[in-house]
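Written out below as structure tokens is the structure these notes cover.
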Amino acid sequence: MDASYFINYAILAAFLSLFTIEVGVATTALLWWDKYKSKLKRYINPIWAVNGTFAVFYVVNFEVTYPTLLPTAALVYVGPVLFGALFLILRNAFIAYSEVTKALSREKWCITIYAISTLVIAFVAISVLASAVSGTGVVGASTPSPSIDLFTLFVNPFSLLLFAALTALSLFIATIFFDIKSLRRLALAPLALAVAIVIIDLYLYVPYMFTTLSAGLPLLAMVVAVFALCVFSYYRAHWYAKELAFLGTFMGTVLFGVLQYPYLFGGTQAFTGFLNNSLTSQYAGWVTVIGGTFVVIALSYFVYINYFKSDQD
């Protein structure tokens with residue numbers, strides 16, 4: 001596997017893992033805001049900065065890693081991305097409104113709009129990711145000027161099942177992060193459901209990825225072990241259950257990228273055909289690793305200040 005592909009997908013995996021936590025926050029806010037308000041507010045207020053930083057980091061690295069693929073991606077997905085951007089504006093605006101409003105009813109209304117906007121963004125993101133993997137909704141993917149069928153992009157079994165898996169996984173993570181009492185006894189159920197949906201989805205709609213799963217068994221075993229330890233830690237009230245939930249999600253997303261390599265648009269294109277030349281790629285790799293290290297350190301300190309330091313205070 002090409003190192004540039006792996007680095008780029010690892011950044012995407014970090015972003016998707018963080019965003020999955022936010023989807024869990026949004027789902028919990030819709031279902032149990034009054035009950036878990038104090039816990040949720042600690043995550044809602046600063047989380048946009050963390051997710052936004054990794055999103056920008058991924059886009060910049062994608063441009064450097066696949067400079068000739070970017071125009072194609074922009075041509076195909078500009079419509080869905082702009083549609084998602086509208087809800088991103090709503091999300092950010094109503095996070096800010098919820099912080100400054102004094103009326104409890106207005107605060108809940110702001111949080112509801114934030115949560116719905118976040119779920120719409122998640123649906124758009126999953127639809128685009130699913131389309132890039134399977135080619136669903138892309139017309140003429142092997143031609144120089146592909147186009148997009150928006151209805152097929154958003155309404156197809158592969159992307160809808162992936163979104164269902166994301167929702168189930170976000171409920172598992174929300175249970176771990178916020179100790180949702182009504183789901184405590186069944187904490188493993190949404191996780192198992194998410195894994196089952198992804199496996200069935202790949203088997204039915206992207207068979208080459210399902211076939212490749214046998215080669216990824218060692219990494220799959222590691223993902224299962226991390227999640228098993230996460231559930232065990234959660235029931236034992238160990239503080240590192242949250243970290244294990246994030247690590248398991250990150251590793252699972254990386255596994256998805258390993259299974260996809262090197263194909264794009266359902267096998268009609270290959271990532272390797274769009275990679276930067278070797279010399280530029282080498283320098284870009286070093287810049288990404290060094291810059292990424294600073295990003296991770298800075299965000300880790302940010303997370304510590306916002307999520308852990310307040311507990312000690």
Side-chain angles (χ1 to χ4, degrees), residues 10-33 36-58 84 87-88 91-92 95 98 111 114-126 129 162-180 183-184 187-188 190-191 193-195 198 223 226-227 229-231 233-234 238-256 295-296 298-308 310-311:
I11 298 171
L12 176 63
F15 166 71
L16 290 178
S17 300
L18 290 167
F19 190 64
T20 302
I21 297 174
E22 185 170 4
V23 173
V25 171
T27 305
T28 307
L30 282 176
L31 298 175
W32 301 290
W33 171 254
Y36 298 100
K37 173 181 174 179
S38 59
K39 292 182 178 180
L40 291 172
K41 288 187 70 173
R42 291 181 52 226
Y43 280 82
I44 290 175
N45 293 341
I47 202 170
W48 66 270
V50 179
N51 289 350
T53 300
F54 266 98
V56 172
F57 188 35
Y58 172 72
F87 287 90
L88 180 65
R91 164 189 174 270
N92 294 345
I95 287 177
S98 68
I111 290 299
Y114 151 77
I116 293 174
S117 299
T118 300
L119 292 177
V120 172
I121 294 169
F123 178 71
V124 172
I126 285 295
L129 175 63
L162 272 187
F163 181 70
L166 172 67
T167 304
L169 180 60
S170 71
L171 280 175
F172 167 76
I173 289 181
T175 302
I176 300 298
F177 271 70
F178 310 119
D179 191 23
I180 300 176
L183 297 179
R184 181 176 176 82
L188 191 58
L191 174 62
L193 179 62
V195 173
V198 171
V223 174
V226 169
F227 275 126
L229 184 57
C230 170
V231 174
S233 301
Y234 171 64
H238 293 159
W239 64 270
Y240 48 80
K242 297 178 183 179
E243 287 75 7
L244 289 170
F246 174 82
L247 178 61
T249 305
F250 173 80
M251 293 175 61
T253 309
V254 170
L255 173 61
F256 193 90
V295 169
V296 170
L299 290 180
S300 296
Y301 182 69
F302 177 84
V303 170
Y304 169 75
I305 292 296
N306 283 279
Y307 298 145
F308 295 101
S310 57
D311 286 341

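This structure is a prediction, so every number in the text was calculated from the model and none was measured. Just so you know, these numbers use all the heavy atoms, side chains as well, and skip hydrogens, waters and symmetry mates.
The distance from the CG atom of Leu30 to the OH atom of Tyr114 is 10.0 Å, given to the nearest 0.5 Å. The distance from the CZ atom of Phe15 to the OH atom of Tyr58 is 10.0 Å, given to the nearest 0.5 Å. Note that CD1 of Ile44 is 14.0 Å distant from NZ of Lys39, once rounded to the nearest 0.5 Å. Met251 contributes atom CE, which lies 11.0 Å from atom OG of Ser17 (distance to the nearest 0.5 angstrom). Between atom CG of residue Leu16 and atom CD1 of residue Ile11 there is a gap of 12.0 Å, rounded to the nearest 0.5 Å. With values rounded to the nearest 0.5 angstrom, Leu166 atom CG is found 10.0 Å from Leu129 atom CG.
Contacts of Ile176 classified as side chain to side chain contact (heavy atoms under 4.5 Å, CB included), with partners at least two apart in sequence or in another chain: Phe172, Cys230, Tyr234, Ala241, Lys242, Ala245.
Phe246 and Phe250 have parallel rings, their planes meeting at less than 30° on a 0 to 90° scale where 60° marks the start of perpendicular.
Between Phe227 and Val231 the shortest side-chain heavy-atom distance does not fall below 4.5 Å. Put simply, the side chain of Val223 does not reach to within 4.5 Å of the side chain of Val226, judged on heavy atoms. Residues Ser233 and Leu244 meet the side-chain proximity criterion, which asks for heavy atoms closer than 4.5 Å. Phe87 has its side chain out of reach of Val124: every pair of non-hydrogen atoms, C-beta onward, lies at least 4.5 Å apart.
When all heavy atoms are compared, the tightest approach of Ala174 to Thr28 is CB-OG1, 3.2 Å. Between Ala115 and Ala26, the shortest heavy-atom distance links the atoms CB-O, 3.4 Å. When all heavy atoms are compared, the tightest approach of Ala13 to Val254 is CB-CG2, 3.7 Å. The shortest non-hydrogen separation linking Ile173 to Thr249 is CD1-OG1, 3.4 Å.
The residue from Thr175, Thr27, Leu119 that alone fulfils the side-chain contact (heavy atoms from CB on, under 4.5 Å) condition with Ser170 is Thr27.
Ring centers of Phe178 and Tyr36: at least 6.0 Å apart, outside the cut-off.
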